[in-house]
Student: 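My questions all concern the structure below.
What you see below is based on every heavy atom in this structure, not just the backbone, and it leaves out hydrogens, waters and symmetry mates. This structure is a prediction, so every number in the text was calculated from the model and none was measured.
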Amino acid sequence: MTDLPTETTRKMGLVIDLDTCVGCHACVISCKGWNTENYGAPLSDQDAYGADPSGTFLNRVHSYEVQPEACGTDPAPAAQLIHFPKSCLHCEDAPCVTVCPTGASYKRVEDGIVLVNESDCIGCGLCAWSCPYGARELDLAAGVMKKCTLCVDRIYNENLPEEDRVPACVRTCPAGARHFGDLGDPTSDVSQLVAERGGMDLMPEQGTKPVNKYLPPRPKDTLAAQGMEQGAGDIDLLAPLLAPVTEEAGGFLGWLDRALDKLPGGQN
């Protein structure tokens, strides 16, 4: 079995905003594409175009309809559809590492990223059984375990533009719901975001101390509640779009309008 480092220099990980994620699966597709073509090649598919397709994915998005509870004297908010992305959380106390009989699973001292040395993996599946988040998948074609690598082949690649040195899922997210950085540094952007929004661990009762954090969704009916208090006619959602940009025409059309007004029969 593999020992975990007593501490890591950094704690690189993701912060995922459940309030912003729209469930578009762009992160899933970009992850599949990047890791199939690069570091973890390949992520195989079985019967991809058949009646019962399956395949290996390092990132998945689950969608749930939830009913928030009432808070104090306030009534329960309206039910919400929550899109929940999930991949390896790169836990500080990672059971998938300590259970590995060959030492294939390990946690890096320099940045805390949990990886699999595929040449040592025997595909026994013990790491998948020990992971409480279901974040590991056995690639049926390769016969080894696959998992999120935080795109280690991107984040340290100096041949890429600086803006591209983030995981593929972060770079491609159209809603800006995914954030990447050092969660061991309290002054980093991701750490401050977690502090400001009340970021939380997934299943903290498991004691794995996941590095990745989730930002909780916010009630979606706040505006509706304000409208009921102020009156139905007090809030017009289309008002900013319908308001005139300017009262007078400018540029060539403005000059033409003024010139036509000066002609006989025009407005004075």
Student: Do V22 and Y64 sit in the same hydrophobic cluster, where Ile, Leu, Val, Met, Phe, Trp and Tyr count as joined when their side-chain heavy atoms come under 4.5 Å apart?
Tutor: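 V22 and Y64: separate clusters.
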Student: Measure the spacing between SG of C96 and CG of L4 and express it to the nearest 0.5 Å.
Tutor: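 Taking SG in C96 and CG in L4, the distance rounds to 8.0 Å.
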Student: Can you list the residues that meet the side-chain contact (heavy atoms from CB on, under 4.5 Å) rule with N117, with sequence neighbours excluded?
Tutor: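 Counting only residues at least two positions away or on another chain, N117 forms a side-chain contact (heavy atoms from CB on, under 4.5 Å) with Y106, S119, D120.
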Student: Charged N to carboxylate O under 4.0 angstrom, R10 versus D185?
Tutor: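 Looking at D185 together with R10, the answer is no, because their closest N to O distance does not fall below 4.0 Å.
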Student: In Å and rounded to the nearest 0.5 Å, what is the CG to OG1 distance from N35 to T149?
Tutor: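 Output value for this atom pair is 5.0 Å.
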Student: May I ask you to decide if L43's main-chain N or O and K32's side chain share a donor-acceptor pair within less than 3.5 Å?
Tutor: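 The answer is yes, because a donor-acceptor pair under 3.5 Å joins these two groups.
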Student: If you count heavy atoms of other groups shown closer than 6.0 angstrom to CD of E205, is the number above 12?
Tutor: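 Counting other residues, nucleotides and ligands, CD of E205 exceeds 12 neighbours.
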Student: Examine distances only and state if a side-chain atom of Y133 and a backbone atom of P210 form a donor-acceptor pair shorter than 3.5 Å.
Tutor: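 Absent.
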Student: Under 3.5 Å, side chain of N59 to main-chain N/O of C148, donor-acceptor pair present?
Tutor: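 No: the side chain of N59 does not pair with the backbone of C148.
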Student: Verify the neighbour count for atom CD of E7: are there more than 12 heavy atoms of other residues, nucleotides or ligands below 6.0 Å?
Tutor: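 Check fails, neighbour count at 12 or below.
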Student: Taking salt bridge (Lys or Arg N to Asp or Glu O under 4.0 Å) as the cut-off, I'd like each qualifying pair that reaches into residues 90-114, sequence neighbours left out, listed once.
Tutor: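 For residues 90-114: K11-E92, R108-E110, R108-D111.
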Student: Determine whether R197 and D19 satisfy the following criterion, side chain to side chain contact (heavy atoms under 4.5 Å, CB included), listing intermediate values before the conclusion.
Tutor: CA-CA 10 Å; R197 288 280 308 281; D19 190 57; 3.6 Å; yes
Student: Please report the shortest heavy-atom distance between G55 and D45, naming the atom on each side.
Tutor: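 Residues G55 and D45, closest heavy atoms: CA-OD1, 3.5 Å.
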Student: Distance from D17 atom CG to R178 atom CZ, nearest 0.5 Å?
Tutor: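 If we round to the nearest 0.5 Å, D17:CG and R178:CZ are 11.5 Å apart.
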Student: Report whether V116 and I122 are members of the same hydrophobic cluster (ILVMFWY, side-chain heavy atoms less than 4.5 Å apart, transitive linking).
Tutor: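 Per the 4.5 Å side-chain linkage, V116 and I122 are not co-clustered.
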Student: Identify, with sequence neighbours excluded, every residue that meets side-chain hydrogen bond (donor to acceptor under 3.5 Å, both in side chains) alongside E137.
Tutor: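 By the side-chain hydrogen bond (donor to acceptor under 3.5 Å, both in side chains) rule, E137 matches R60.
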Student: Just so I know, are the side chains of S105 and T98 near enough to count as touching, which here means a heavy-atom distance under 4.5 Å?
Tutor: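 They are not in side-chain contact.
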Student: Name all residues meeting the side-chain contact (heavy atoms from CB on, under 4.5 Å) criterion together with P174; count only those two or more places apart in sequence or in a different chain, and write none if there are none.
Tutor: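 Counting only residues at least two positions away or on another chain, P174 forms a side-chain contact (heavy atoms from CB on, under 4.5 Å) with C24, A26.
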Student: How long is the gap from CE on M203 to SG on C91, to the nearest 0.5 Å?
Tutor: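 Those atoms lie 10.0 Å apart.
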Student: Work out which heavy atom in K147 is nearest to a heavy atom in A135; give both atom names and the distance.
Tutor: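 In terms of heavy atoms, the two residues are closest at CB-O, 4.2 Å.
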Student: What pair of heavy atoms forms the shortest contact from P85 to L18, and how long is it?
Tutor: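 In terms of heavy atoms, the two residues are closest at CD-CD2, 4.0 Å.
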Student: For the backbone of V114 and the side chain of H90, can you confirm whether one donor and one acceptor N or O come within less than 3.5 Å of each other?
Tutor: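 Checked: pair present.
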Student: When rounded to the nearest 0.5 angstrom, what distance separates CG in L126 from OG1 in T102?
Tutor: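 Rounded to the nearest 0.5 Å, the CG-OG1 separation comes to 9.5 Å.
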Student: Can you find a pair of side-chain heavy atoms, one from P95 and one from T208, that are under 4.5 Å apart?
Tutor: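 P95 reaches T208 side chain to side chain.
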Student: Among the clusters formed by ILVMFWY side chains lying less than 4.5 Å apart, do L14 and I155 turn up in the same one?
Tutor: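 L14 clusters together with I155.
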Student: Quick one: side-chain contact (heavy atoms from CB on, under 4.5 Å) partners of T9, sequence neighbours excluded?
Tutor: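 For T9 there are no side-chain contact (heavy atoms from CB on, under 4.5 Å) partners, ignoring immediate neighbours.
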Student: Identify, with sequence neighbours excluded, every residue that meets side-chain hydrogen bond (donor to acceptor under 3.5 Å, both in side chains) alongside S30.
Tutor: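 Here no residue qualifies.
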Student: Does V211 sit in a hydrophobic cluster with other residues, and if so which ones, taking ILVMFWY side chains as linked at heavy-atom separations under 4.5 Å, directly or through other members?
Tutor: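 Hydrophobic cluster check, V211: joined to V15, L183, V190, L193, V194, L215.
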Student: Check for a donor-acceptor pair, side chain of R154 on one end and backbone N or O of V166 on the other, with a separation under 3.5 Å.
Tutor: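 Side chain of R154 to backbone of V166, a donor-acceptor pair under 3.5 Å: yes, one is there.
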Student: Under 6.0 Å from the CG atom of D189, do we count more than 12 heavy atoms belonging to anything else shown?
Tutor: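 Not buried by this count: 12 neighbours or fewer within 6.0 Å.
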Student: Looking at E163, I'd like to know if its CD atom is crowded, meaning that more than 12 non-hydrogen atoms belonging to other residues, nucleotides or ligands lie closer than 6.0 Å.
Tutor: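 Yes, CD of E163 has more than 12 neighbouring heavy atoms, counting only those of other groups under 6.0 Å.
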Student: Answer whether the closest heavy-atom distance between the side chains of L58 and S87 falls below 4.5 Å.
Tutor: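 Sidechains of S87 and L58: no contact.
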Student: With R165, which residues qualify under side-chain hydrogen bond (donor to acceptor under 3.5 Å, both in side chains), at least two apart?
Tutor: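 If we apply the side-chain hydrogen bond (donor to acceptor under 3.5 Å, both in side chains) test to R165, skipping adjacent residues, there are no hits.
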Student: How is the hydrophobic cluster of W129 composed, in terms of its other members, when Ile, Leu, Val, Met, Phe, Trp and Tyr link through side-chain heavy atoms under 4.5 Å apart, directly or indirectly?
Tutor: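 Answer for W129: none, a lone residue.
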Student: Can you check whether C127's main-chain N or O pairs, donor with acceptor, with S130's side chain at less than 3.5 Å?
Tutor: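 Side chain of S130 to backbone of C127: a pair is present.
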Student: Who else is in L140's hydrophobic cluster (ILVMFWY, side-chain heavy atoms under 4.5 Å, direct or via others)?
Tutor: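 Cluster partners of L140: L138, M145.
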Student: By the rule that ILVMFWY residues connect when side-chain heavy atoms come within less than 4.5 angstrom, directly or transitively, which residues belong alongside V61?
Tutor: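 V61 clusters with V28, F57.
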Student: Test of understanding: with ring-ring contact (aromatic ring centres under 6.0 Å, His included), list the residues that count as partners of F84, not counting sequence neighbours.
Tutor: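 ring-ring contact (aromatic ring centres under 6.0 Å, His included) list for F84, sorted by chain: Y214.
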Student: Tell me the closest heavy-atom pair linking G13 and F180, and the distance in Å.
Tutor: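 Nearest pair, atom of G13 first, then F180: O-CD1, 3.3 Å.
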Student: Check for a donor-acceptor pair, side chain of D139 on one end and backbone N or O of A142 on the other, with a separation under 3.5 Å.
Tutor: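 Checking the backbone N and O of A142 against the side chain of D139, a donor-acceptor pair under 3.5 Å is found.
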Student: Please confirm whether the backbone N or O of V66 pairs with a side-chain atom of Q80, one donor and one acceptor, at under 3.5 Å?
Tutor: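 Looks like no, no N/O pair under 3.5 Å.
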Student: Of the non-hydrogen atoms in G176 and H179, which two are nearest, and what is the gap between them?
Tutor: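 Between these two residues, the closest heavy atoms are O-NE2, 3.3 Å.
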Student: Which heavy atom of C173 sits nearest to which heavy atom of A177, and what is that distance?
Tutor: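 Closest approach of C173 to A177: SG-N, 3.2 Å.
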Student: According to a 4.5 Å side-chain heavy-atom criterion applied to Ile, Leu, Val, Met, Phe, Trp and Tyr, with indirect links allowed, do V109 and V152 form part of one hydrophobic cluster?
Tutor: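 No, because V109 and V152 fall into different hydrophobic clusters, even though each may have its own neighbours under 4.5 Å.
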